[in-house]
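One structure is given here, and the rest of the page talks about it.
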Amino acid sequence: MSESQLWDDVDEYFTTHLSRNDDVLEAALRDSDAAELPQIAVTPLQGKFLQLLAQIQGARSILEIGTLGGYSTIWLARALPDDGRLISLEYDPKHAEVASRNIARAGLERIVEVRVGPALESLPKLADENPPPFDLVFIDADKVNNPNYVEWALRLTSAGSLIVVDNVVRGGRVADADSKAPDVLGSRAAVELIGSHPRLSGTAIQTVGSKGYDGFALARVLA
């Protein structure tokens with residue numbers, strides 16, 4: 001058995017017992033595939049992990065940077081109370097349209113708002129609204145801008161908030177100090193920002209599974 005097949009088998013076992021998709025989540029993936037969106041959504045296990053993080057955090061407000069088809073959005077929004085709020089920023093109008101349909105089918109359109117446009121344009125507009133601090137920020141968008149997204153997450157959160165940056169391992173390439181790849185440079189800059197910023201305490205976890213070799217960074221905002 002190959003290493004990747006073993007990872008797939010273990011993921012399938014854990015998913016079967018701990019994080020099974022329901023009809024709504026399956027439909028979100030199916031409709032995303034039908035619309036030819038990139039197959040880069042989080043796995044069911046990762047979605048459940050995000051949901052548990054939000055629940056442990058007692059989150060009432062969540063900011064997501066990178067909606068895709070709304071699969072991770074649904075996982076996160078289900079962790080919120082009835083009067084909670086989730087704002088998700090999506091660059092691609094087609095992705096946002098698919099996500100909005102998936103979110104509506106999940107019955108979450110009351111608490112989820114998808115905003116369309118480049119996140120680095122949407123974030124200043126959001127800040128101008130002076131919203132209450134977000135309890136959790138999930139960053140899963142273009143990797144080159146990860147450090148910018150972390151900076152904005154800091155502006156839009158307060159002490160005790162959590163920031164999750166997905167896909168920071170880049171198949172192990174994050175350790176290559178000589179890499180010129182934009183995604184690697186963005187991931188390295190975000191990790192180093194988290195490690196050096198006086199208002200952040202963070203870690204990073206390497207993962208393997210049905211999506212291969214990757215990982216995420218997790219940071220808590222300090223006073």
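Here the structure is a predicted model, which means the values were calculated and not measured.
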If only atom types and distance count, is the side chain of [X] paired as donor or acceptor with the main-chain N or O of [Y] below 3.5 Å?
X	Y	answer
S161	S158	yes
S19	Q46	no
Q51	W75	yes

**Request:** For D183 and R173, run salt bridge (Lys or Arg N to Asp or Glu O under 4.0 Å): C-alpha distance rounded to whole Å, both residues' side-chain angles, the deciding distance at 0.1 Å, then the answer.
**Result:** CA-CA 9 Å; D183 62 327; R173 292 181 296 129; 2.6 Å; yes
Residues which pass side chain to side chain donor-acceptor pair (under 3.5 Å) with [X], listed by chain and number, not counting sequence neighbours:
X	result
S187	none
S210	D11
D22	R78
R115	E113, E129

For a 4.5 angstrom cut-off between non-hydrogen side-chain atoms, does [X] reach [Y]?
X	Y	value
R188	S179	no
V137	W152	no
N146	I139	yes
L136	L76	yes
L86	L108	no

hydrophobic_cluster_shared for [Y] and [X], side chain cutoff 4.5 Å:
X	Y	answer
L63	V165	yes
L200	L123	yes
I103	L29	yes
V208	V168	yes
F49	L45	no

Determine all donor-acceptor pairs shorter than 3.5 Å in which one atom belongs to a side chain in residues 190-198; sequence neighbours excluded.
{"from": "S196", "atom 1": "OG", "to": "E192", "atom 2": "O", "distance (Å)": "2.9"}
{"from": "S196", "atom 1": "OG", "to": "L193", "atom 2": "O", "distance (Å)": "3.4"}
{"from": "H197", "atom 1": "ND1", "to": "R199", "atom 2": "N", "distance (Å)": "3.0"}

Locate the shortest heavy-atom distance separating [X] from [Y]; write the atom from each residue and the value.
X	Y	value
G66	E90	C-OE1, 4.0 Å
Y71	N21	OH-OD1, 2.6 Å
I111	D82	CG2-O, 3.5 Å
G70	A99	N-CB, 3.6 Å
P133	S61	O-OG, 3.2 Å
N102	S32	ND2-OG, 3.8 Å

Distance from [X] atom [atom1] to [Y] atom [atom2], nearest 0.5 Å?
X	Y	atom1	atom2	answer
E26	R20	CD	CZ	11.5 Å
R85	R110	CZ	CZ	14.0 Å
L50	D166	CG	CG	7.5 Å
Y13	T15	OH	OG1	11.5 Å
L162	L53	CG	CG	6.5 Å

**Asked** Residues two or more places apart in sequence or in another chain: which of them pass side-chain contact (heavy atoms from CB on, under 4.5 Å) with A59?
**Response**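 Testing A59 for side-chain contact (heavy atoms from CB on, under 4.5 Å), a comparison that skips the adjacent residues, returns A54, Q57, I62, L80, D135.
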**Prompt:** Going by side-chain heavy atoms closer than 4.5 Å, which hydrophobic residues are tied to V98, directly or by a chain of links?
**Reply:**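 ILVMFWY cluster around V98 also holds L37, I40, L68.
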May I have the list of side-chain donor-acceptor pairs in residues 213-223 shorter than 3.5 Å, sequence neighbours left out?
{"from": "Y213", "atom 1": "OH", "to": "Q206", "atom 2": "OE1", "distance (Å)": "2.2"}
{"from": "D214", "atom 1": "OD1", "to": "V169", "atom 2": "N", "distance (Å)": "3.4"}
{"from": "D214", "atom 1": "OD2", "to": "N167", "atom 2": "ND2", "distance (Å)": "2.9"}

**Item:** D23, CG atom: more than 12 neighbouring heavy atoms under 6.0 Å
**Value:**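 Atom CG in D23 is not packed in, count stays at 12 or less.
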**Asked** For atom CD of Q39, is the number of surrounding heavy atoms from other residues, nucleotides or ligands below 6.0 Å larger than 12?
**Response**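 Result for CD/Q39: open.
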Of all pairs that satisfy salt bridge (charged side-chain N to carboxylate O under 4.0 Å, His left out), the ones with a partner from [range], not counting sequence neighbours:
range	value
residues 137-153	D140-K143
residues 31-42	D31-R105
residues 43-66	R60-D83

**Item:** Summary of ring pair (Phe, Tyr, Trp, His ring centres under 6.0 Å) pairs that have at least one residue in residues 86-141, sequence neighbours excluded
**Value:**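 For residues 86-141: none.
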